[in-house]
Amino acid sequence: MSAISLRNVVKRYGRGPAANQVIHGVNAEIDSGEFVVIVGPSGCGKSTLLRMVAGLEEISGGEIAIADRVVNDVEPADRDIAMVFQNYALYPHMSVFENMAYGLKIRKIPADEIQARVDKAAKILELGPYLKRKPRELSGGQRQRVAMGRAIVRQPAVFLFDEPLSNLDAKLRAQTRIEIQKLHQELGITSLFVTHDQVEAMTLAQRMLVMNGGRIEQIGTPEEVYQRP
Ligand code: ADP
Ligand code: ADP
């Protein structure tokens, strides 16, 4: 089964003669459980592509399917995805538990189900002892894990990561990268991860989509992409 299908996806900003086309008919199939990294220079359209998968940006042409369902007209909340951003603003006045539970509460998930999901996520992320603390009482790494916890509890079919490591210092970046890898190993959730950093891409990717100027130039494993004759 295809977790994500991109079929001749086009994006234009603006209308008419002044329109600026930034994605030029992108095609890709991402398998269920795969960890795929979209890599390429700043401005090549990575973030726009990810935001179209998330439903945060309208698609100008072509088709995007998630779990074999075309989602062009589906609201972000109904897409079975969870997105992890670079600025992972937590609610400062809420506890760790409340931060992780909030997205479920507004979706009217029953309290005992919320408790079970948060407990499970806290266990995976080793946040169990901190559930009653406020974000300011946590280290940077712990806060980052709470942000991931919020995504996990949604139990989405797909994780979307938009440069989540780019504003972190080197130590925290390395820690968080390992955390993301561990998460993928344990949960096996299909992941689409955007970065401009080639080293990061090589370390994380099972497969890479190399973008340039709004097009995919190469698709393959890191070995295939970087060891071309
Ligand atoms: P990347 O994520 O690879 O850095 P983006 O997807 O952010 O690239 O941007 C791709 C192109 O689309 C860039 O030329 C950018 O200026 C343009 N762009 C992005 N968002 C908008 C917008 N809201 N309106 C107009 N142009 C945009
Ligand atoms: P990043 O690449 O880190 O996502 P940017 O500074 O490129 O951040 O973009 C920040 C915001 O500005 C995004 O919401 C993007 O859609 C928008 N944006 C980017 N380029 C343009 C543009 N040329 N015109 C209008 N909005 C833009």
Side-chain angles (χ1 to χ4, degrees), residues 3-30 34-66 70-77 79 81-89 144 147-148 151 156 158-170 172-173 176-177 180 184 190-222 224-226 228:
I4 305 172
S5 301
L6 307 176
R7 300 174 194 138
N8 208 15
V9 172
V10 169
K11 178 66 184 180
R12 277 179 228 101
Y13 284 110
R15 286 178 187 279
N20 179 20
Q21 183 159 342
V22 299
I23 304 286
H24 301 269
V26 160
N27 288 288
E29 296 289 328
I30 292 158
E34 235 186 336
F35 199 111
V36 171
V37 177
I38 303 178
V39 65
S42 181
C44 74
K46 307 179 294 293
S47 185
T48 297
L49 196 58
L50 197 75
R51 291 164 60 80
M52 285 194 287
V53 175
L56 301 173
E57 224 30 280
E58 218 168 296
I59 169 170
S60 314
E63 215 168 62
I64 296 179
I66 297 174
V70 175
V71 293
N72 287 27
D73 299 320
V74 175
E75 291 295 315
R79 285 195 180 201
I81 53 114
M83 193 144 169
V84 181
F85 298 93
Q86 53 179 231
N87 42 359
Y88 50 89
Q144 193 80 17
M148 285 194 266
V158 174
F159 276 138
L160 302 176
F161 296 94
D162 193 359
E163 304 238 12
L165 309 180
S166 63
N167 286 342
L168 308 178
D169 65 41
L172 189 50
R173 195 180 321 135
T176 307
R177 194 167 65 201
I180 289 172
H184 181 253
T190 310
S191 301
L192 194 53
F193 185 106
V194 161
T195 182
H196 63 273
D197 182 329
Q198 296 199 354
V199 175
E200 197 172 293
M202 283 210 316
T203 315
L204 282 166
Q206 290 175 335
R207 252 185 344 135
M208 299 169 64
L209 307 185
V210 183
M211 278 188 81
N212 204 355
R215 293 186 167 82
I216 294 181
E217 290 197 323
Q218 290 183 63
I219 300 185
T221 64
E224 286 165 351
V225 168
Y226 286 109
R228 295 197 136 199

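Scope of the values below: all heavy atoms of this structure, side chains included, with no hydrogens, waters or symmetry mates. Order of appearance sets the numbers: ligands from 1, and atoms from 1 within every ligand.
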Is there a polar contact between ligand 1 and Thr48, counting only N or O atoms under 3.5 Å apart? yes

According to the interplanar angle, ranging from 0 to 90°, do the rings of Phe35 and Phe193 count as parallel (below 30°), tilted (30 to 60°) or perpendicular (above 60°)? tilted

Where ligand 1 meets Val22 - atom numbers and elements under 4.0 angstrom, heavy-atom basis: 11 (C), 12 (O)

Taking atom types as modelled, is there a side-chain donor on Glu29 or Ser5 under 3.5 Å from an acceptor on the other? yes

Any nitrogen or oxygen of Cys44 lying under 3.5 Å from a nitrogen or oxygen in ligand 1? Just yes or no. yes

Looking at non-hydrogen atoms alone, which of Pro41, Gly213, Gly214, Gly43 comes nearest to atom 1 (P) of ligand 1? Gly43

Find the distance between CZ (Arg207) and CD1 (Ile30) and round it off to the nearest 0.5 Å. 7.0 Å

By the definition side-chain contact (heavy atoms from CB on, under 4.5 Å), identify the one residue from Glu217, Met202, Gln218 that meets it with Val225. Gln218

Atoms in ligand 1 with a heavy atom of Ser47 nearer than 4.0 Å: 1 (P), 2 (O), 6 (O), 7 (O)

Would Tyr13 count as being in polar contact with ligand 1, using the rule that some N or O on each side must be under 3.5 angstrom apart? yes

Would you say Thr195 and Glu200 are linked by a side-chain donor-acceptor pair, where the criterion is simply a distance under 3.5 Å? yes

